[in-house]
Amino acid sequence: MSLPVEIVFGIYLGVITGIVPALVAGVLGFVFKYVTDVTIPGLGVVVLSLAIAGVNGGLLALNDETIRSSERAPAILTAIVVVLMLSMYAHAQGDRLGASVPKRISLKQLRDRTLSTDVIELVGGRGRVSVEVTGEVNDMEGYPPLPAETRRAILDGDWTFPADLPLAELEDRFAERLQTELDLADVAVRIDEQARATVSAAPPTGALSKRVPAGKRAVSVSALVPTGIARGDLVRVVTPDLDVQGAVLAARSSGKPEPGAGAASAPASPGGDGVNPDDALQTDGGEETVASPPAATAPTTTGGEGRVTVAVDRAEATALLRADRGRVLVLSRGTRREYELTALLRRTGKRFRKVAVVAGGPLDGHTIGEAEIREAYDVAVLAARHESWTIAPNGSQSLSAGDELFVVGSRDAIDRFAEVAA
């Protein structure tokens with residue numbers, strides 16, 4: 001036969017006999033690299049491949065006597081070259097695979113879904129993803145329909161998060177952010193690998209019932225209401241047969257507001273005459289929280305005849321409902337340390353505010369020290385929230401879009417900082 005034919009026959013023979021040596025070389029290369037982080041030397045691969053190929057060639061020679069002929073030397077040499085090429089290539093691929101496979105794989109890692117790399121943006125060396133709400137925002141069963149304004153706010157909002165979160169945690173973060181920013185009663189979120197979200201939400205419901213602590217009941221009492229009662233004040237209601245204490249949930253009085261009183265002259269709650277006694281007896285539940293103290297700008301009563309709704313124990317609620325009237329005494333709650341700090345800051349002309357880091361701003365992708373927040377903006381960072389809150393963070397605290405900061409400084413300095421960086 002001519003030389004070209006012998007070479008083609010050698011390639012055919014090398015492919016047939018080289019499959020098994022290539023598989024063995026690839027598997028051994030992967031195992032050695034994965035287990036010991038050591039690469040098998042090329043000489044060892046050559047020797048092992050030739051040994052296995054020799055066995056295969058010997059078996060072929062037993063079936064075909066022409067292979068043992070001296071005239072087949074070009075074909076045999078070509079076959080050896082093909083076997084070695086296949087084996088070296090398979091070994092290189094197995095070695096590369098052994099180096100890239102994670103050494104520790106947990107069941108949780110296999111279960112967690114992750115984002116596609118196509119939707120991840122690199123900003124300041126860190127990855128972030130913008131979640132897009134697709135389709136209609138669905139209503140949740142058992143709740144009233146969602147207002148159109150809230151639907152538009154969910155669809156048109158800029159929802160940016162760190163890209164290194166598993167999809168399950170990203171869904172929880174998105175749902176928590178929707179509830180916090182839009183004051184929703186309940187949210188269900190589903191996000192796919194392309195960062196497309198399907199949202200079902202429920203509007204806020206039960207303004208009064210949400211403020212009733214668990215194990216308490218709301219009862220409204222007619223009384224001479226003192227001036228300045230606000231939601232959260234601790235009062236004592238005295239009747240001929242009962243003396244109880246409770247937190248104010250709502251109050252309304254008939255006194256006329258003073259000129260220029262502003263928000264302080266408004267009733268403590270819309271429809272502040274409280275709850276109908278028959279309905280109040282049925283109110284039972286709410287979150288396991290204590291009624292929060294009133295803010296400095298909370299609406300208060302203006303004094304005079306009115307009604308006060310208080311949260312009392314179940315046993316006291318029935319007895320209090322039998323009373324036509326009661327006397328309302330406001331009890332002291334003492335001085336809270338956080339209010340003392342607020343007063344101290346205000347006396348020195350300082351204010352504090354919670355702001356969020358804007359995407360693409362001077363803080364996104366930098367640390368507090370790199371951004372030189374105190375020097376550049378004349379504000380100090382009291383606390384920062386990246387994945388969890390850090391009080392008095394140091395200069396190495398990293399920041400990214402969506403992180404929240406509590407900053408303190410003069411009003412003008414905070415306004416400039418909010419306009420530029422957050």
query = Hey, is R385 close enough to D403 for a salt bridge, meaning N to O under 4.0 Å?
reply = no
task = State plainly whether the residues D415 and R353 are in salt-bridge range, i.e. N to O under 4.0 Å.
result = yes
ask   = Of all heavy-atom pairs between A218 and L249, which one has the smallest distance, and what is that distance?
value = CB-CD1, 3.7 Å
ask   = Distance-only, no hydrogens or angles: does the T367 side chain make a donor-acceptor pair with backbone N or O of E370 under 3.5 Å?
value = yes
message = In the structure I gave you, are the side-chain heavy atoms of D139 and R151 within less than 4.5 Å of one another anywhere?
response = yes
query = Looking only at atom types and distance, does a side-chain atom of D95 sit under 3.5 Å from a main-chain N or O of F30, one as donor and one as acceptor?
reply = no
V235 vs L331 side-chain heavy atoms within contact, under 4.5 Å = no
key: More than 12 heavy atoms from other groups under 6.0 Å of CD on E181   = yes
task = In plain terms, say whether D313 and K216 are close enough for a salt bridge, that is, a side-chain N and a carboxylate O under 4.0 Å apart.
result = yes
message = If we check side chain to side chain contact (heavy atoms under 4.5 Å, CB included) with H91, which of these qualifies: V24, I40, L86, L28?
response = I40
request  = Return the minimal non-hydrogen interatomic distance between A311 and P213, and the atom names on each side.
outcome  = CB-CD, 4.0 Å
key: Non-hydrogen side-chain atoms of M85 and Y89 separated by less than 4.5 Å   = no
request  = Determine whether T239 and L320 make a side-chain contact, defined as any pair of heavy atoms from C-beta on separated by less than 4.5 Å.
outcome  = yes
inquiry  = So V237 and V312, do their side chains get closer than 4.5 Å, heavy atoms only?
reply    = no
message = Parallel, tilted or perpendicular, judged at 30° and 60°: which one describes the rings of W389 and F406?
response = tilted
message = Does any part of the side chain of W159, heavy atoms only, come nearer than 4.5 Å to the side chain of L178, both counted from C-beta?
response = yes
inquiry  = Checking the side chain of T301 only, and the main-chain atoms of I229 only, is there a donor and an acceptor separated by less than 3.5 Å?
reply    = yes
inquiry  = Taking the side chain as everything from C-beta on, heavy atoms only, tell me whether I373 gets closer than 4.5 Å to F417.
reply    = yes
task = Spell out, as yes or no, whether a donor-acceptor pair under 3.5 Å connects the side chain of T150 to the backbone of L146.
result = no
key: Heavy-atom neighbours of D324 CG exceed 12 at 6.0 Å   = no
ask   = From L382 CG over to I391 CD1, what is the distance, rounded to the nearest 0.5 angstrom?
value = 8.5 Å
key: E305 vs V225 side-chain heavy atoms within contact, under 4.5 Å   = no
message = How about CZ on R411, more than 12 heavy atoms from neighbouring residues, nucleotides or ligands closer than 6.0 Å, or not?
response = no
ask   = Does the pair R152/E136 count as a salt bridge with the N-to-O cut at 4.0 Å?
value = no
ask   = Does CZ in F352 sit with more than 12 non-hydrogen atoms of other residues, nucleotides or ligands closer than 6.0 Å?
value = no
task = Mark yes or no: R177 above the aromatic ring of F161, with NZ or CZ under 6.0 Å from the six-membered ring centre and no more than 45 degrees from the axis.
result = yes
message = Is it true that, when you exclude E141 itself, more than 12 heavy atoms of the residues, nucleotides or ligands shown sit nearer than 6.0 Å to its CD?
response = no
ask   = Taking all atoms of both residues into account, what is the closest heavy-atom pair of G303 and S253, and its distance?
value = N-OG, 3.1 Å
note = What one should report as the nearest heavy-atom pair of P203 and L184 is CA-CD2, 4.5 Å
task = For D233 and A230, indicate whether the former's side chain and the latter's backbone hold a donor-acceptor pair under 3.5 Å.
result = yes
